[in-house]
Amino acid sequence: MSFSKELLWEKFNTDTIYKRYYELIFDLIESGLFTQLAHPDTIKLFNYSPTYDLKPTYHALAKLLNKYNMKAENNTGCFYRYHHKDMGLSDELLSILKEHHVKMIPASDAHKPCDVGICIKEVWDKTMK
């Protein structure tokens, strides 16, 4: 993913990128076309963080998911595929989704048969408890 640094992160303000990312996610939810949202915080994969607090964004996301009766997916793909420290959603986002009683599904984000079920027990426990 090193190509993203030159194409995106060095060209645009990190806060602007994050705000646009979540605007697009909100548009996706409000479209009414989908029943679940995968990777709601995968932007973290690039290891850039905004300078503003994401909590209000996460609360707005949770409210929209409930309004449109969408589930949030908590999957392990970034963890085992890209070696990100979070196994699934960030603890902060997961906590806020739980606080709002958003329906969630754990998943292993398998792109090939050998990936099916990777870390599924761990992410199940984090998501469902």
Side-chain angles (χ1 to χ4, degrees):
M1 302 287 240
S2 60
F3 64 88
S4 70
K5 186 174 182 178
E6 184 179 320
L7 293 174
L8 184 65
W9 300 103
E10 289 179 352
K11 279 186 159 184
F12 301 97
N13 175 279
T14 299
D15 288 357
T16 302
I17 294 168
Y18 266 81
K19 286 177 182 173
R20 185 65 180 138
Y21 177 82
Y22 282 104
E23 284 173 5
L24 292 170
I25 285 179
F26 291 177
D27 287 348
L28 177 147
I29 295 167
E30 291 172 328
S31 76
L33 295 171
F34 306 96
T35 59
Q36 67 188 51
L37 175 64
H39 308 292
D41 68 347
T42 297
I43 193 169
K44 67 186 177 189
L45 176 67
F46 300 98
N47 293 312
Y48 288 86
S49 298
T51 60
Y52 66 93
D53 185 3
L54 283 169
K55 285 180 194 161
T57 302
Y58 291 164
H59 284 283
L61 173 64
K63 289 174 185 175
L64 270 180
L65 287 167
N66 282 333
K67 180 179 178 180
Y68 287 88
N69 197 31
M70 284 182 69
K71 295 176 183 174
E73 183 182 84
N74 189 8
N75 75 61
T76 60
C78 289
F79 177 71
Y80 73 84
R81 192 173 291 116
Y82 299 105
H83 311 291
H84 193 275
K85 66 179 178 72
D86 292 339
M87 182 180 297
L89 301 172
S90 71
D91 289 340
E92 184 173 67
L93 177 54
L94 183 59
S95 175
I96 289 170
L97 293 177
K98 285 180 175 185
E99 176 185 329
H100 287 272
H101 307 286
V102 171
K103 295 175 191 164
M104 289 187 277
I105 55 172
S108 58
D109 195 45
H111 290 200
K112 53 190 177 196
C114 65
D115 293 342
V116 173
I118 292 179
C119 303
I120 197 70
K121 179 170 180 354
E122 294 89 338
V123 80
W124 175 273
D125 290 344
K126 279 185 74 171
T127 304
M128 307 312 265
K129 290 185 178 178

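Quick note: numbers below take in every heavy atom, side chains included, and nothing from hydrogens, waters or symmetry partners. In this chain, numbering begins with 1 at the start of the sequence shown.
By the side-chain hydrogen bond (donor to acceptor under 3.5 Å, both in side chains) test, D15 pairs with T51, sequence neighbours left out. Take K103 and apply the side-chain contact (heavy atoms from CB on, under 4.5 Å) test, not counting sequence neighbours, and it matches N69, K71. Annotation: side-chain contact (heavy atoms from CB on, under 4.5 Å) contacts of T14 (sequence neighbours excluded): W9, Y18, Y48. Considering only residues two or more places apart in sequence or on other chains, T57 meets the side-chain hydrogen bond (donor to acceptor under 3.5 Å, both in side chains) condition with none of them. The side-chain hydrogen bond (donor to acceptor under 3.5 Å, both in side chains) test applied to D53 returns no partner, not counting sequence neighbours.
Under a hydrophobic-cluster definition in which Ile, Leu, Val, Met, Phe, Trp and Tyr are linked whenever side-chain heavy atoms come within less than 4.5 Å, directly or via other members, Y52 and L61 are assigned to the same cluster. Linking ILVMFWY side-chain heavy atoms closer than 4.5 Å, directly or via other members, places L64 and I43 in a single hydrophobic cluster.
Across every non-hydrogen atom of H39 and N75, the tightest pair is CE1-ND2, 3.1 Å. Considering every non-hydrogen atom in both H101 and N66, the closest pair reads O-OD1, 3.8 Å. Nearest approach of L93 to L89, heavy atoms of both residues: CD2-CD2, 3.9 Å. For the pair D41 and S90, the tightest heavy-atom approach, listed with the atom from each and the gap, is OD2-N, 2.9 Å. Across every non-hydrogen atom of L97 and A72, the tightest pair is CD1-CB, 3.9 Å. Nearest heavy-atom pair, E92 versus Y58, reported as atom, atom and distance to 0.1 Å: OE1-CE1, 3.6 Å.
Within the 4.5 Å cutoff, the side chain of E73 has no heavy atoms near those of the L37 side chain.
Without hydrogens or angle criteria, Y22 side chain to P40 main chain gives a donor-acceptor distance under 3.5 Å.
In this structure, NZ on K55 lies 7.0 Å from CD1 on I96, to the nearest 0.5 angstrom. Note that NZ of K11 is 14.5 Å distant from OG1 of T16, once rounded to the nearest 0.5 Å. Rounded to the nearest 0.5 angstrom, F46 CZ and L8 CG are separated by 7.0 Å.
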Residues K98, V102; criterion side-chain contact (heavy atoms from CB on, under 4.5 Å); working and verdict: CA-CA 6 Å; K98 285 180 175 185; V102 171; over 6 Å; no
What pairs of donor and acceptor atoms, side-chain ones from residues 23-33 against any protein atom, are under 3.5 angstrom apart with sequence neighbours left out?
residue	atom	partner	partner atom	Å
E23	OE1	R20	NH1	3.1
S31	OG	L28	O	2.7
S31	OG	L33	N	3.2

